[in-house]
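Structure, as structure tokens:
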Number of protein chains: 2
Amino acid sequence: MARERQTDLAVLGALSIAPMSGYAVREGIREVLGQFWSESFGQIYPTLARLEAGGHVVRRSEGRGSVFALTEAGRAHLRDLLGRPETPAPPRNGLMLRLFFGHELGPTACRVLVEEHRASAVQALAGLEVARAEVEAERPSDHQAYALLTVSAGEHGARAILAWADEALAVLDQLPASS
Amino acid sequence: MARERQTDLAVLGALSIAPMSGYAVREGIREVLGQFWSESFGQIYPTLARLEAGGHVVRRSEGRGSVFALTEAGRAHLRDLLGRPETPAPPRNGLMLRLFFGHELGPTACRVLVEEHRASAVQALAGLEVARAEVEAERPSDHQAYALLTVSAGEHGARAILAWADEALAVLDQLPASS
DNA sequence: GGAGTCATGTAAGTTGTTACATGATTCT
DNA sequence: AGAATCATGTAACAACTTACATGACTCC
């Protein structure tokens with residue numbers, strides 16, 4: 001990809017909330033940022049090892065596995081990474097690509113595509129409702145405010161998808177069945 | 001990435017609109033789907049060569065370069081690819097990742113991030129206005145309807161970003177300057 | 001004649017996914 | 001006892017980006 005190593009940022013960020021195991025890093029990201037981010041184990045463990053070697057995190061044996069904690073150098077590294085200008089990945093939206101060539105696919109199949117997308121937005125909205133409740137239950141803090149900002153972004157995005165999908169379904173109904 | 005080869009779909013789709021050069025494939029995608037898709041030359045030319053070898057496109061020498069046209073087999077392949085279930089790429093939204101750890105970055109830097117994002121949405125909206133006018137100027141067809149659907153998706157998305165960004169900026173104003 | 005655009009490709013590098021492999025706890 | 005979850009890693013692989021290299025044509 002020849003793109004910036006963004007996993008460092010995600011892992012360091014997760015550990016900035018609290019020390020945890022590699023497994024917990026993944027679960028934490030999944031639960032709270034699932035809408036916007038994902039990490040695989042195949043990426044997390046090597047990253048953790050690299051960060052440990054670089055003195056950015058320390059490993060402490062505990063229970064069945066290990067708990068990783070941010071060092072001062074690690075926190076500095078996190079701040080440095082956060083401050084670097086974002087290099088957004090080139091867009092790749094499979095749904096839009098398919099829909100744009102919808103005349104080859106036909107309205108019926110396109111309807112299915114849009115309905116699936118709509119359904120996943122509904123599901124996302126339900127997940128965000130839970131996430132919002134969880135975050136709001138935390139004791140007030142700066143981090144809470146930032147977390148709510150991302151939840152809100154998810155909500156705005158999901159509602160936009162709903163509105164668009166309903167509009168799109170209405171348009172598709174007007175289209176003839178043959179391509 | 002170990003993910004599906006989506007470039008075939010994009011290239012075949014572009015050629016389904018009209019025969020064109022590899023260069024024009026990239027420019028076409030850029031202009032009309034730039035919001036949602038991108039292809040690099042390093043990906044387009046090898047793909048074109050592969051599709052030619054597979055009998056999905058034919059190359060005709062013309063002017064300074066070549067013009068590639070879809071064969072019947074190519075059109076069938078395109079329909080096949082379009083019909084396959086979409087395997088959405090894992091989400092990776094750098095802005096949300098950064099914002100979620102905003103307490104480490106501080107409100108001022110976060111403001112910049114959000115403002116940049118807002119500005120790019122404004123720019124996207126302007127681009128979409130042009131795209132909409134261009135598509136609406138075409139003679140009415142199924143393809144036109146589908147193209148308008150994707151333009152509309154862009155508009156809904158961009159407006160959602162604007163609404164969220166304004167909300168987020170108001171929240172950030174309330175936050176203390178220290179992290 | 002120089003700049004910009006049109007045009008086609010190759011090579012290197014890396015991020016990140018998927019699949020495999022293994023085992024300890026905990027719950028039912 | 002078996003299933004699910006917690007936990008840690010490795011290896012193979014590929015999709016894709018970036019940078020490099022080259023050249024024709026057109027416009028000023």
Side-chain angles (χ1 to χ4, degrees), chain A residues 1-12 14-15 19-31 33-34 36-53 57-68 81 84 86-94 97, chain B residues 1-12 14-15 19-31 34 36-53 57 59-68 81 84 86-94 97:
Chain A
M1 275 254 185
R3 178 149 299 290
E4 254 166 87
R5 206 194 300 276
Q6 303 211 84
T7 299
D8 282 28
L9 188 44
V11 170
L12 251 16
L15 296 181
M20 62 184 93
S21 69
Y23 186 90
V25 166
R26 159 139 151 167
E27 288 309 295
I29 289 173
R30 211 189 167 84
E31 275 162 27
L33 272 171
F36 298 118
W37 205 262
S38 83
E39 287 296 343
S40 60
F41 288 131
Q43 196 70 349
I44 287 177
Y45 287 112
T47 296
L48 243 14
R50 196 160 27 74
L51 290 171
E52 190 189 12
V57 306
V58 283
R59 181 195 305 246
R60 177 162 37 93
S61 219
E62 184 171 294
R64 49 197 119 170
S66 308
V67 169
F68 297 87
L81 290 176
R84 294 205 198 150
E86 205 194 338
T87 44
R92 262 160 175 240
N93 184 327
L97 182 66
Chain B
M1 277 250 190
R3 178 148 299 289
E4 253 166 87
R5 205 194 302 273
Q6 301 210 85
T7 300
D8 283 28
L9 188 44
V11 170
L12 252 15
L15 296 181
M20 62 185 92
S21 69
Y23 186 89
V25 165
R26 159 141 149 164
E27 288 309 294
I29 289 173
R30 212 188 165 84
E31 276 163 27
F36 297 118
W37 205 261
S38 84
E39 286 296 341
S40 60
F41 288 132
Q43 195 73 347
I44 286 176
Y45 286 111
T47 296
L48 242 17
R50 198 160 25 76
L51 290 172
E52 190 190 12
V57 307
R59 180 194 305 247
R60 179 162 35 94
S61 219
E62 184 171 295
R64 48 197 119 172
S66 307
V67 170
F68 297 87
L81 290 177
R84 293 205 199 150
E86 206 195 337
T87 43
R92 260 159 178 242
N93 184 327
L97 181 66

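Since the model is a prediction, treat every value here as computed from it, not as a measurement. In what follows, chains are A, B, ... by sequence order, proteins preceding strands, each numbered from 1.
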Phosphate OP1/OP2 of C/dG16: any B/R92 side-chain N/O under 4.0 Å: yes
Below 4.0 Å: OP1/OP2 of C/dG16 and any side-chain N or O of A/S40: no
Who are the side chain to side chain contact (heavy atoms under 4.5 Å, CB included) partners of [X], not counting sequence neighbours?
{"X": "B/P90", "value": "A/S38, B/R3"}
{"X": "B/S66", "value": "B/R59, B/F68"}
{"X": "A/R30", "value": "A/R26, A/E27"}

In whole angstrom, what separates [X]'s [atom1] from [N]'s [atom2]?
{"X": "A/R26", "N": "C/dG16", "atom1": "CZ", "atom2": "P", "result": "15 Å"}
{"X": "A/R5", "N": "C/dG13", "atom1": "CZ", "atom2": "P", "result": "15 Å"}
{"X": "B/I29", "N": "D/dT17", "atom1": "CD1", "atom2": "P", "result": "11 Å"}
{"X": "B/Q43", "N": "C/dT14", "atom1": "CD", "atom2": "P", "result": "18 Å"}
{"X": "B/E4", "N": "D/dA14", "atom1": "CD", "atom2": "P", "result": "14 Å"}
{"X": "B/R30", "N": "C/dC6", "atom1": "CZ", "atom2": "C1'", "result": "13 Å"}
{"X": "B/I44", "N": "C/dT10", "atom1": "CD1", "atom2": "P", "result": "14 Å"}
{"X": "B/R50", "N": "D/dA14", "atom1": "CZ", "atom2": "C1'", "result": "12 Å"}

Atom pair CD (A/E39) and CD1 (A/I29), whose distance is rounded to the nearest 0.5 Å: 5.5 Å
Which residues share a salt bridge (Lys or Arg N to Asp or Glu O under 4.0 Å) with A/R50, sequence neighbours left out: A/D8
Residues which pass side chain to side chain donor-acceptor pair (under 3.5 Å) with B/Q6, listed by chain and number, not counting sequence neighbours: none
Reading 5' to 3' through nucleotides 3-9 of chain D, protein heavy-atom contacts under 4.0 Å coded B for base, S for sugar-phosphate only, - for none: ---BBBB
